[in-house]
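Just so we're on the same page: letters track the sequence lines, and every chain starts at 1.
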Protein chains: 2
Amino acid sequence: MSAAKTILERLAGDSLPDWHLVESALRRKTLAPGECLFLVGVAHPVVYFVKSGVIKMVYETYDGDAWVKAFAAEGRFFASLAGLSPGGVTSFSAVAACSTSVESLPYPLLDQLGDKHPQWQRALRKGFELYGFRKEARERDLLTLSAEQRYRRFIEEHPLIAERVTDRDIAGYVRVTPVALSRIKARIKLRQREENDAS
Amino acid sequence: MSAAKTILERLAGDSLPDWHLVESALRRKTLAPGECLFLVGVAHPVVYFVKSGVIKMVYETYDGDAWVKAFAAEGRFFASLAGLSPGGVTSFSAVAACSTSVESLPYPLLDQLGDKHPQWQRALRKGFELYGFRKEARERDLLTLSAEQRYRRFIEEHPLIAERVTDRDIAGYVRVTPVALSRIKARIKLRQREENDAS
DNA sequence: ACCGCTCATTAACCCAGGTTAACGCTGACC
DNA sequence: GGTCAGCGTTAACCTGGGTTAATGAGCGGT
């Protein structure tokens with residue numbers, strides 16, 4: 001069973017017709033740590049499904065900084081929305097944060113299936129709904145939490161990702177430099193020690 | 001012609017069947033500056049369409065800070081995605097940033113229409129797609145730009161909103177305190193004056 | 001005209017995080 | 001085994017933004 005099928009049927013809440021069309025369009029790819037799935041600024045109307053490992057989605061600035069928009073681990077799907085619409089280009093790069101294997105589907109095919117079958121249209125709508133929902137949560141964290149709070153939340157909510165990616169990438173996700181993250185970790189450790197001493 | 005119809009048909013790229021059902025469910029509301037459209041944490045499966053004015057979507061933290069997630073001016077639609085799904089509650093509050101009039105539709109009706117007509121399902125999907133697209137841009141700005149850059153971009157891209165809302169709200173959107181925004185503005189003005197003197 | 005309110009600005013002080021650089025560790029490659 | 005590169009940590013210094021407080025401008029209410 002492909003990862004894509006599991007993920008899409010969970011979205012649809014139903015089995016999906018014409019699956020053979022999808023099956024033959026499905027591509028599998030394995031990436032070594034640091035290997036690039038797609039670059040920013042290219043036409044790339046493709047949806048990815050993560051089978052194992054972790055993909056990081058990265059924004060790069062002119063001055064060479066790289067900030068991590070999001071991680072996607074097993075069971076997640078993702079795409080650059082900007083790169084899906086005709087004529088659009090990706091707004092970020094996708095890079096393997098550790099050994100990772102993914103499946104991919106061309107978005108035009110999904111779009112066609114959506115026009116043909118209500119189950120597919122529904123799956124796509126739910127997909128965008130979920131995607132928007134995640135972005136909303138991320139946006140809220142960036143707006144309302146401090147750097148230390150964002151770090152703590154990430155460790156709590158994604159311990160399995162945290163142990164597989166470098167601190168450098170975690171820093172990029174928390175939106176601080178690696179140096180600052182190191183200080184934050186030291187601060188937390190210090191406070192824990194103080195609490196233990198007090199008790 | 002209602003604002004909702006214009007916006008939804010633009011999304012669908014088509015005319016929408018069963019519009020009379022929508023028409024009778026449509027509610028119009030006018031808000032004074034500072035008046036609240038809905039509060040955070042309530043079940044509120046409603047989609048809004050802005051006819052005139054500006055709505056600000058606000059995250060409030062425990063310690064009383066209020067950060068502006070987004071503004072919606074005429075021609076925009078919005079909703080709390082978290083508040084749309086059954087059993088979910090809104091993740092932010094919506095408040096009029098100036099005199100504003102809006103139209104609203106219950107989401108369950110739209111969901112039903114989506115199951116019934118492909119044109120509606122398509123409109124909804126495009127709606128979520130667009131919503132996600134906007135979040136993606138906002139997320140990128142928060143990750144990759146400095147406070148000053150975020151301010152400049154906001155002024156450039158939304159001059160018509162900027163002139164209708166308070167600096168306090170702009171500060172909340174840029175994610176700095178009003179004091180810091182004032183300093184940023186002073187810094188920009190100072191630099192402009194220096195440039196003029198040099199020439 | 002007066003009051004009271006909110007908003008924008010400015011100053012003073014403080015602190016978290018950015019920057020640069022040094023150091024040690026580990027793991028890949030020869 | 002030796003070399004080299006990248007990572008995480010720590011220290012020193014600097015800066016942008018948070019905090020608090022004072023001031024003044026604008027404005028609705030009486």
Self-check item: Arg168(A) atom CZ, neighbour heavy-atom count above 12 within 6.0 Å
Solution: no

Quiz prompt | Phosphate contact (dT10(C) OP1 or OP2) by Arg187(B) side-chain N/O below 4.0 Å | solution = no

Quiz prompt | Option among Leu109(B), Asp14(B), Val22(B), Asp115(B) that satisfies the side chain to side chain contact (heavy atoms under 4.5 Å, CB included) test with Trp120(B) | solution = Val22(B)

Quiz item: Within this structure, what is the CG-to-C1' distance between Leu190(A) and dT9(D), rounded to whole angstrom?
Solution: 15 Å

Practice problem: Taking only the side-chain heavy atoms of Val179(A) (C-beta and beyond), determine which of dT19(D), dT19(C), dG18(C) contains the nearest atom. | Solution: dT19(C)

Quiz item: Are any of Thr177(A)'s side-chain N or O atoms less than 4.0 Å away from OP1 or OP2 of dG17(C)?
Solution: no

Quiz prompt | Atom pair distance, as rounded to whole Å: CZ in Arg183(B) and C1' in dG17(D) | solution = 6 Å

Practice problem: Figure out the CD1/C1' separation between Ile188(B) and dT9(C), and round it to whole Å. | Solution: 15 Å

Quiz item: Is the centre of the Phe154(A) ring less than 6.0 Å from the centre of the Phe71(A) ring?
Solution: yes

Quiz item: Rounded to the nearest Å, what distance is computed from the CZ atom of residue Arg175(B) to the C1' atom of nucleotide dG17(D)?
Solution: 10 Å

Self-check item: Among dT9(C), dG18(D), dT19(C), the nucleotide that comes nearest once only the side chain of Ser182(B) is considered
Solution: dT9(C)

Exercise. Check DNA chain C against residues 143-173 of chain B and give the residues with a non-hydrogen atom under 4.0 Å, in numerical order.
Key: Thr166(B), Asp167(B), Arg168(B)

Exercise. Measure from NZ or CZ of Lys51(B) to the centre of the six-membered ring of Phe49(B), then state whether that distance is under 6.0 Å and the direction lies within 45° of the axis.
Key: no

Self-check item: Arg10(B) charged N/C atom sitting above Phe77(B) aromatic ring, 6.0 Å / 45°
Solution: no

Exercise. Establish, for the pair Arg150(A) and Tyr173(A), whether the NZ or CZ atom is under 6.0 angstrom from the six-membered ring centre and no further than 45 degrees off its axis.
Key: no

Practice problem: Rounded off to whole Å, could you give me the CD1-to-P distance for the Ile184(A) and dA16(C) pair? | Solution: 10 Å

Quiz item: Are Lys185(B) and dT9(C) close enough that a side-chain N or O sits under 4.0 Å from OP1 or OP2?
Solution: yes

